[in-house]
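Per chain, numbering begins at 1; letters A, B, ... match sequence-line order.
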Amino acid sequence: MVAASDTKELQVRIGSLTLRNPVMTASGTFGYGREFSNLVNLHRLGGIVVKGISLLPRPGNPPPRIVETACGMLNAIGLENVGVERFITEKMSFLKGLDTPVIVNILGDSVEEYGEIAHRLDGVEGISGLEVNISCPNVKKGGVAFGTVPEMAATVTGAVRQATRLPIIIKLSPNVTDIVLMARAVEEAGADGISLINTLIGMAIDTKTRKPRLANVIGGLSGPAIKPVALRMVWQVASAVSIPVIGIGGITTVDDAMEFLLAGATAIQVGTANFYEPSAPEQIIQGMKEYLHQQGEHCIRDIIGTLQTGI
Amino acid sequence: MVEFQEKCRVASIDQMASDVYRLTVHAPLIAAAAHPGQFVMVRVADRYDPLLRRPFSIHQQSSGGTLGLLFKTIGKGTNILAAVTVGDSLDLIGPLGRGFDLERERPVCIIGGGMGIAPLCFLARQLLLSDRQPEMDHVLLGARNREELSPLVDDFIDLGYPVQTATDDGSMGQHGYIPDLLDAVLPAVSRVYTCGPHPMMKIIVEKCRQADVSCQVSLETHMACGLGACLGCTVPGADGKYVHVCRQGPVFYGGEVAW
Ligand SMILES: Cc1cc2nc3c(=O)[nH]c(=O)nc-3n(C[C@H](O)[C@H](O)[C@H](O)COP(=O)(O)OP(=O)(O)OC[C@H]3O[C@@H](n4cnc5c(N)ncnc54)[C@H](O)[C@@H]3O)c2cc1C
Ligand SMILES: Cc1cc2nc3c(=O)[nH]c(=O)nc-3n(C[C@H](O)[C@H](O)[C@H](O)COP(=O)(O)O)c2cc1C
Ligand code: FES
């Protein structure tokens, strides 16, 4: 089932995880994979990151949950998901049949919850890695997001590290003053890789009704509008850590993806673009081969981090 | 459910009223799989603003592979769509969602308000495939004024349905509200199909519940993907849990959602 055209030229590694190409789909924008199975050749993807899973099912926020903004969108889904048990029984049967690495995005209210989910998913057939969403509020610490305090981010990373043998990727929140501090903290705590960015917190108002456009008032901004911010953060983090970095934020075209690789990302994730252009990941994979050819390079690994900063 | 992404050639675009357009595109795969009540996600332009696809009900479908949409210009996306010209290419994903269950024999009542009439034209045509007598059915259509309503009424009359109308300004049919016409009709039908403004559907669902008549409604919410992936299109279900309009709907039985 491996697409014959995929040779090793695009292969990359995140810890012990080998991806046939650097193009994954981002959590929350690709459902549990199956939703796109009629439109996308899932076997061609470098990896699929599924919707964030918590220990127990979560209903999510009241509507309206999404609003379009200039070159982007705000979402306040509220981490609606089926919970880890139903995920394993209902969603994994389809996913484990795929010849594509499945990375499960996990979230929690407490350090213990992160550890428990990671433990529950350890050894489940068909899971290749975990991505840990630390942009969630720590209920025991007054709702401060784990991903905004280096010590808390490190504690979560450590708890997940203890609970699983799977490769773990820590997904950073961009809503911090110093992204590099966060990256270093999770690297030291045992992360195999770092993905960034999650959404930027934003807001939109309907001036006619004087109401917020999201029932939750604030939400996460994603799409092409955030790409420059994401690229800057990826560059800063990749320059500061030695574990692989996965770039996320507004990626739609191969040119977008190559910017992230040049800035130091080993792989990328396509998020919001799946909504408006489901063929974006496959087009990027194809485009990467053409880019290599044009640049006279033999493999994508030779491109990573080769940004020319001199004048 | 099988959906397709198709690059579709615009076959025609007609202005039906000052702000209402009928667009037909060549979309053989989507057209062949389409069921009344389903919708398509349209990329109105190959650019980042507007970013998201726009959902539109399937208004017409032909075995020749064309798909018709009926839309009102309300914002950025629909205004761009209104400016397409014959031969342009549009990117569509569909058919999406759960449509209407077709009542094969017994009389039905079809109730549409404004652009909610769009999916009901396709429904009315498909209902005729089971050899029924449309004279026994009831069609109640409402809109702002004659300009908007008249061309849509013709579609149903051409199919042989008796049509009653109402307009907000009284320029065609009854002056007032469509649900007022329903009371007289309800005892004679075994199912009601409706699409239109939320307050109108709410009243219809309640009347049907009281009369113990099965009622299917088509809902609208903001959608990012149309595929069940973003979880952005929720409305509260009758059991207190959220339902996703793009996959579990857009057509629901009245009792499935909270009003
Ligand atoms: C299942 C379904 C079927 C529909 N069928 C039709 C149809 O047959 N004919 C028709 O004229 N309209 C239909 N609509 C509504 C249509 O999708 C909106 O009018 C359109 O998206 C407006 O886009 P805009 O860019 O012009 O407006 P803007 O207000 O600029 O849009 C901004 C954002 O809000 C969303 N939005 C705004 N109004 C609506 C709405 N009423 N419903 C859903 N999203 C909205 C847009 O999609 C976009 O993401 C349908 C909606 C749904 C959900
Ligand atoms: C509707 C929606 C839902 C999301 N859900 C999650 C989630 O459950 N977990 C997570 O870590 N990130 C989630 N994200 C963030 C994306 O994975 C991604 O980090 C972000 O959208 C930026 O990338 P993009 O601009 O390519 O979309 C979500 C994003 C969107 C738009
Ligand atoms: S529109 Fe994305 S889940 Fe319904």
Side-chain angles (χ1 to χ4, degrees), chain A residues 25-40 50-52 57-82 213-215 219 221-225 227 250 252-253 256 271-280 282, chain B residues 1-7 29-30 33 40-55 74-78 91-97 198 219-237 239-247 249 257-258:
Chain A
T25 53
S27 179
T29 66
F30 209 65
Y32 300 106
R34 191 171 202 155
E35 291 82 350
F36 282 83
S37 58
N38 292 324
L39 302 176
V40 176
V50 300
K51 174 73 190 164
R58 292 194 184 199
N61 286 330
R65 292 177 170 189
I66 49 173
V67 54
E68 188 183 68
T69 55
C71 304
M73 65 176 278
L74 289 164
N75 87 81
I77 306 300
L79 299 168
E80 172 182 345
N81 77 94
V82 296
R213 288 192 187 268
L214 294 171
L221 181 66
S222 66
K227 199 190 81 178
T252 308
T253 64
D256 298 333
T272 303
N274 293 310
F275 302 154
Y276 53 89
E277 188 41 84
S279 67
E282 288 179 274
Chain B
M1 248 178 301
V2 180
E3 58 273 335
F4 305 93
Q5 179 173 7
E6 268 189 300
K7 299 254 182 276
L29 296 172
I30 299 173
V40 291
M41 291 292 276
V42 181
R43 183 118 194 247
V44 297
D46 189 11
R47 38 191 252 206
Y48 292 157
D49 195 9
L51 186 69
L52 300 173
R53 289 172 183 264
R54 300 299 195 246
I74 64 152
K76 221 186 276 181
T78 45
D91 189 312
L92 267 65
I93 295 175
L96 297 166
H198 197 270
L219 300 186
E220 279 185 12
T221 55
H222 285 217
M223 293 182 173
C225 71
L227 298 166
C230 74
L231 309 183
C233 62
T234 38
V235 295
D239 59 0
K241 290 186 183 147
Y242 290 124
V243 293
H244 299 112
V245 173
C246 75
R247 272 284 149 120
V257 290

| note | In short, A:Glu68 meets B:Leu52 closest at the heavy-atom pair OE2-N, 2.7 Å
| field | Closest non-hydrogen atom pair, B:Ala229 against A:Phe36 | value | CB-CE1, 3.5 Å
| request: Measure the spacing between CG of B:Leu51 and OG of A:Ser222 and express it to the nearest 0.5 Å. | output: 8.0 Å
| Shortest non-hydrogen contact from B:Cys230 to A:Phe275? | CB-CZ, 3.3 Å
| Heavy-atom distance under 4.5 Å to chain A: side chain of B:Asp91, backbone, both or neither? | side chain
| field | Part of A:Thr272 lying under 4.5 Å from any heavy atom of chain B | value | side chain
| query | Where do A:Pro278 and B:Arg53 come nearest, in terms of heavy atoms and distance? | reply | CD-NH2, 4.0 Å
| Do the side chains of A:Asn274 and B:Cys225 get nearer than 4.5 Å, heavy atoms only? | no
| note | Residue from A:Val67, A:Thr69, A:Asn75, A:Thr252 scoring the most non-hydrogen pairs under 4.5 Å with chain B is A:Thr252
| Donor-acceptor under 3.5 Å (A:Arg65 side chain, B:Leu231 main chain) | yes
| task | List the atom of A:Leu39, the atom of B:Gln5, and the distance in Å for their closest heavy-atom pair. | result | CD2-N, 3.6 Å
| field | Heavy-atom closest contact (A:Cys71 atom, B:Asp49 atom, distance) | value | SG-CB, 3.9 Å
| More than 12 heavy atoms of other residues, nucleotides or ligands under 6.0 Å from CG of B:Asp46: is that the case? | no
| message | Counting heavy-atom pairs under 4.5 Å with chain A, which one of B:His222, B:Met41, B:Lys76, B:Glu3 comes out on top? | response | B:Glu3
| message | Just checking B:Arg247: does its CZ atom have more than 12 heavy atoms from other residues, nucleotides or ligands closer to it than 6.0 angstrom? | response | yes
| field | Nearest-0.5 Å distance, CZ of residue A:Arg34 to CG of residue B:Leu227 | value | 14.0 Å
| said: Need one label for A:Asn61: side chain, backbone, both or neither, based on atoms under 4.5 Å from any heavy atom in chain B. | reply: backbone
